[in-house]
Asks: 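I have a structure I would like to understand better, so I am pasting it below and will then ask my questions one at a time.
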Amino acid sequence: MISSLVRTGLVTAAIFAAAGSALAQTTWVLPSAYPPANYHVQNLSQFASDVDAATNGALKIAVHPNASLFKAPDIKRAVQTGQAQAGEVLISLHENENPVFGIDVVPFLATSFEQSKKLWEASKPAIEKALDEQGLKLLYATPWPPQGIFTKKELNSVDDLAGLKWRAYNVGTARIAELVNAQPVTIQAAELPQALATGVVDGLMTSSATGVDSKIWESLTHYYDTQAWIPKNVVFVNKEAFEALDPAVQKAVIDAAAAAETRGFGLGVEKTAAYMDSLKQNGMQVVAPSEELKTGLAEVGAKLTEDWAAKAGDGGKAILDAYSKM
Ligand code: PCA
């Protein structure tokens, strides 16, 4: 009789222990659209392991790179609807939802990492608020290297872009195709290597990083270092998923995110030099744009700036004013 009670008690304790450990451990799925070797993804992995260490394994973040779970434009919605708990996106992919998401791709507004950081500080409250209204909590942002033009021919002016099969990744890069009489085709980074290999694309604006990630020298020959804008990836979490965490775990996430943002801006600076070297070592002609090309791009940029200002209205103007005073 006694021994059977003891046995029941032991079984019950074992069940509690199992339930306790199951309840105390949470796993977040975090899709990213960029390849594992890219510094954004490496930074995400470091963020996940910092959270793991700071919470003694109470929160695990499983990073799924390379658009393996969701395509780049679908990640944000997946997190909003709870199909994934957290995610990383190129925030300008969502400029159509709110112009503030496109502030970092206004050409020639913030072209150095230092300016990019200031523009982030000026725009962060509005971006954080816009995400919050969509059920998302902002964690951190990281810059891509400055954007230049890849082609397989020499460019003397913007007229030389006419007729190119122009890869676009967001609203602005598609609009550029329209302005220079190129043929826009929207392709996300995960599909870019194939699009280049099959000749679907023979011109694009992106970073040295994406050039290296896609082994762009296998198809194209020139890189014009126009430093036109610095787009950013933003990492966020579903608000309900965040609020379900223990306060101490929430704090660990916030602290690790702040560290990831600082590290990410540092990585941007450090890796850009290495990516540019890699392009050269692989035989690309890395060149500064001619004055004529620069003037033409400035005109294209001015049109995009007008488009953005018209959409962004007074809210956008307030951010630009704050940025200009920083
Ligand atoms: N690489 C990404 C976004 C911006 C960048 O530099 C891409 O080309 O898709």
Side-chain angles (χ1 to χ4, degrees), residues 31-44 65-68 70-76 87-95 101-113 116 119-120 141-151 164-177 182 184-197 200-217 219-220 223-235 264-265 267-276 278-279 284 286 304:
S32 159
Y34 304 103
N38 183 284
Y39 66 93
H40 291 283
V41 177
Q42 290 175 345
N43 198 26
L44 273 174
N66 227 7
S68 59
F70 298 97
K71 290 190 185 294
D74 300 331
I75 290 174
K76 184 162 167 288
E88 178 192 48
V89 302
L90 181 78
I91 193 65
S92 60
L93 287 181
H94 301 287
E95 184 174 347
F101 294 153
I103 197 167
D104 60 4
V105 295
V106 172
F108 306 112
L109 178 62
T111 58
S112 69
F113 287 108
S116 164
L119 184 60
W120 175 232
T142 313
W144 284 90
Q147 308 286 290
I149 309 177
F150 287 101
T151 55
L164 289 183
K165 290 177 269 179
W166 183 260
R167 177 262 176 163
Y169 63 74
N170 63 2
V171 176
T173 44
R175 173 85 168 120
I176 290 174
V185 37
T186 298
I187 294 168
Q188 293 305 325
E191 280 90 44
L192 182 58
Q194 167 133 16
L196 288 163
V200 170
V201 161
D202 58 13
L204 68 152
M205 282 185 87
T206 185
S207 57
S208 51
T210 294
V212 171
D213 286 346
S214 345
K215 294 198 167 64
I216 206 156
W217 48 83
S219 325
L220 306 182
Y223 184 58
Y224 289 87
D225 187 16
T226 57
Q227 306 187 3
W229 64 88
I230 293 186
K232 290 190 305 292
N233 280 356
V234 167
V235 178
F265 271 88
L267 279 168
V269 178
E270 177 193 318
K271 297 279 177 172
T272 298
Y275 283 125
M276 295 291 275
S278 175
L279 290 177
M284 298 288 300
V286 175
L304 268 77

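Whatever order the structure lists ligands and atoms in, that order sets their numbers, starting from 1.
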Asks: Which of the atoms in ligand 1, numbered in the order shown and given with their element, are less than 4.0 Å from a heavy-atom of L90?
Replies: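 Listed by number with element: 3 (C).
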Asks: Can you list the atoms of ligand 1 that are under 4.0 Å from a heavy atom of P231?
Replies: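 Those qualifying, in numeric order: 4 (C).
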Asks: For atom 5 (C) of ligand 1, what's the nearest protein heavy atom and its distance?
Replies: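 The answer is T206 OG1, 3.2 Å.
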Asks: Is R167 touching ligand 1 with its side chain, its backbone, both, or neither, if touching means heavy atoms under 4.0 Å apart?
Replies: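 Only the side chain of R167 comes within reach of ligand 1.
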Asks: Have W229 and D104 got a donor and an acceptor in their side chains that come within less than 3.5 Å?
Replies: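 No, no side-chain donor-acceptor pair sits under 3.5 Å.
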Asks: Could you find the nearest protein heavy atom to atom 2 (C) of ligand 1 and give me its residue, atom name and distance?
Replies: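 It is T210 OG1, 3.5 Å.
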Asks: Would you say S68's side chain and P65's backbone share a donor-acceptor pair under 3.5 angstrom?
Replies: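 Looks like yes, one N/O pair under 3.5 Å.
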Asks: T173 and N170: side-chain donor and acceptor closer than 3.5 Å?
Replies: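 A donor-acceptor contact under 3.5 Å links the two side chains.
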Asks: Any nitrogen or oxygen of Q147, main chain or side chain, under 3.5 Å from a nitrogen or oxygen of ligand 1?
Replies: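 Checking ligand 1 against Q147, an N or O pair does fall under 3.5 Å apart.
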Asks: Counting only N and O atoms by type, is there a donor-acceptor contact under 3.5 Å from the side chain of D202 to the main-chain atoms of L164?
Replies: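 Answer holds: no.
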Asks: Is there a donor in the side chain of Q42 and an acceptor in the side chain of Y34, or the other way round, less than 3.5 Å apart?
Replies: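 Per modelled atom types, Q42 and Y34 side chains form no pair under 3.5 Å.
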Asks: If only atom types and distance count, is the side chain of S92 paired as donor or acceptor with the main-chain N or O of E95 below 3.5 Å?
Replies: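 No, the answer is negative, given that no donor and acceptor are paired below the 3.5 Å cut-off.
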Asks: Nearest non-hydrogen atom to atom 6 (O) of ligand 1 belongs to which of S207, S214, G211?
Replies: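 Closest candidate by heavy-atom distance is S207.
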